[in-house]
Amino acid sequence: VLAMHSGFAFLELGTVRKKNQVNALVKILVDFAVSTIAYFFIGYTVAYGTSFFTGAETLAAKNGYELVKFFFLLTFAAAIPAIVSGGIAERARFGPQLIATAVLVGLVYPLFEGMVWGGDRFPMQAWIKNLTGVEFHDFAGSVVVHTVGGWVGLVAVVLLGARANRYRKDGGMSAHPPSSIPFLALGAWVLAVGWFGFNVMSAQTIDKISGLVAVNSLMAMAGGTLVA
């Protein structure tokens, strides 16, 4: 799943104009670094109530399971600013975007994550179960990760507007062709491979891995490619 962030990077690099490639790459790398710090110190605690401000013996319990879980879920959390970054490419200033990343990964996303995956820490699951008879189930983050990222990205796009010179005075659109088709293809392929780690390993334990999830992911990728 960590490798998927290189897919996001190549996808965005191939999409933006050549003059902005370095800026886009640096922004993506620093976004991940900020996400890591924010999620380690704040976000993971908000979502699951587990703090890493404790002794080494506690952290090493169960072979450091909580640390491994943190690392895996960090790659999910860091996908939020990656999704938003692609939507507002070439339109956001460096500093404000990093501040937004810290707030999203440290507070906004963990609230949604905790409500769905955090057990009894939040009352939402109990309320849904009382209302419908079953709890809300999100196996691999369709709502928790991708929908939340899409909502935030939509708000950001509306606030920032279109790229400079995207529309001419007569209302027509100016062409902004991709700067690198190979980068686009490489990014798409890395993301396609990474989806199997993202989806299948969301089971988090070997005994819960499902071949159905793997094949569904494969067929979605193949079908989406043909339709596109």
Side-chain angles (χ1 to χ4, degrees), residues 1-18 20-36 39 43 69-92 97 100-101 104-105 109 112-113 116-117 138-154 156-157 163 176-204 209-228:
V1 182
L2 177 63
M4 292 183 71
H5 290 274
S6 67
F8 285 123
F10 284 120
L11 201 64
E12 188 167 329
L13 284 178
T15 304
V16 301
R17 287 167 288 184
K18 202 160 188 176
N20 293 322
Q21 283 185 334
V22 173
N23 175 271
L25 183 57
V26 171
K27 192 162 54 177
I28 291 167
L29 290 171
V30 179
D31 258 346
F32 186 82
V34 170
S35 297
T36 301
Y39 195 64
K69 183 181 177 182
F70 154 77
F71 176 68
F72 181 65
L73 293 175
L74 163 67
T75 60
F76 282 50
I80 300 292
I83 293 169
V84 176
S85 177
I88 59 174
E90 299 185 310
R91 278 167 282 180
Q97 182 166 337
T101 292
L104 286 173
V105 179
Y109 167 73
F112 286 94
E113 181 184 17
V116 178
W117 293 335
D138 186 351
F139 181 73
S142 296
V143 172
V144 176
V145 180
H146 308 294
T147 304
V148 171
W151 289 336
V152 176
L154 177 61
V157 168
R163 301 182 191 184
H176 281 194
S179 60
S180 176
I181 298 298
F183 275 166
L184 277 173
L186 177 60
W189 184 249
V190 172
L191 286 171
V193 174
W195 279 124
F196 292 96
F198 200 106
N199 292 346
V200 178
M201 289 311 299
S202 285
Q204 296 192 24
I209 289 178
S210 170
L212 178 62
V213 175
V215 173
N216 280 345
S217 301
L218 175 65
M219 298 307 292
M221 178 186 71
T225 300
L226 293 177
V227 171

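- Looking at every heavy atom in both residues, V190 comes nearest to M4 through CG1-CA, 4.4 Å.
- Residues L218 and F196 meet the side-chain proximity criterion, which asks for heavy atoms closer than 4.5 Å.
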Begin with the C-alpha distance, continue with both residues' side-chain angles, and end with the deciding distance and a verdict on side chain to side chain contact (heavy atoms under 4.5 Å, CB included) for F76 and E113. CA-CA 10 Å; F76 282 50; E113 181 184 17; 6.0 Å; no

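- The line from OG of S217 to CG of L212 is 9.0 Å long, rounded to the nearest 0.5 Å.
- Atom CG of residue L191 and atom OG of residue S6 lie 7.5 Å apart, to the nearest 0.5 angstrom.
- Taking both residues in full, the closest heavy atoms of I28 and F8 are given as CD1-O, 4.3 Å, listed atom of the first, atom of the second, then distance.
- Using a 4.5 Å cut-off on side-chain heavy atoms (C-beta onward), V152 and L104 make contact.
- Shown here for A77 and V105, the closest heavy-atom pair between the two residues is O-CG2, 3.8 Å.
- With values rounded to the nearest 0.5 angstrom, L25 atom CG is found 9.5 Å from E12 atom CD.
- Among all heavy-atom pairs drawn from L184 and T15, the shortest one is CD2-OG1, 3.3 Å.
- Nearest heavy atoms, K27 versus A92: NZ-O, 4.0 Å.
- For the pair F112/W151, a side-chain contact is recorded, criterion being any heavy-atom separation below 4.5 Å from C-beta on.
- To the nearest 0.5 Å, the span separating CH2 on W195 from CG on N216 amounts to 14.0 Å.
- By the salt bridge (charged side-chain N to carboxylate O under 4.0 Å, His left out) test, R17 is found to be paired with E90, residues two or more places apart in sequence or in another chain being considered.
- Residues D31 and Q97 form a side-chain contact, since some pair of their non-hydrogen atoms from C-beta on lies under 4.5 Å apart.
- Taken to the nearest 0.5 Å, the CG atom of L74 stands 14.0 Å off from the NZ atom of K69.
- Residues Y39 and L73 form a side-chain contact, since some pair of their non-hydrogen atoms from C-beta on lies under 4.5 Å apart.
- Counting non-hydrogen atoms of other residues, nucleotides and ligands closer than 6.0 Å to CZ of F71 gives a total of 12 or fewer.
- Between V144 and Y109, some side-chain heavy-atom pair lies under the 4.5 Å cut-off.
- With contacts defined as side-chain heavy-atom distances shorter than 4.5 Å, the pair V16/F183 does not qualify.
- Closest of all the heavy-atom pairs between V34 and T101 is CG1-CG2, 4.0 Å.
- The closest side-chain heavy-atom distance from S180 to L13 is not below 4.5 Å.
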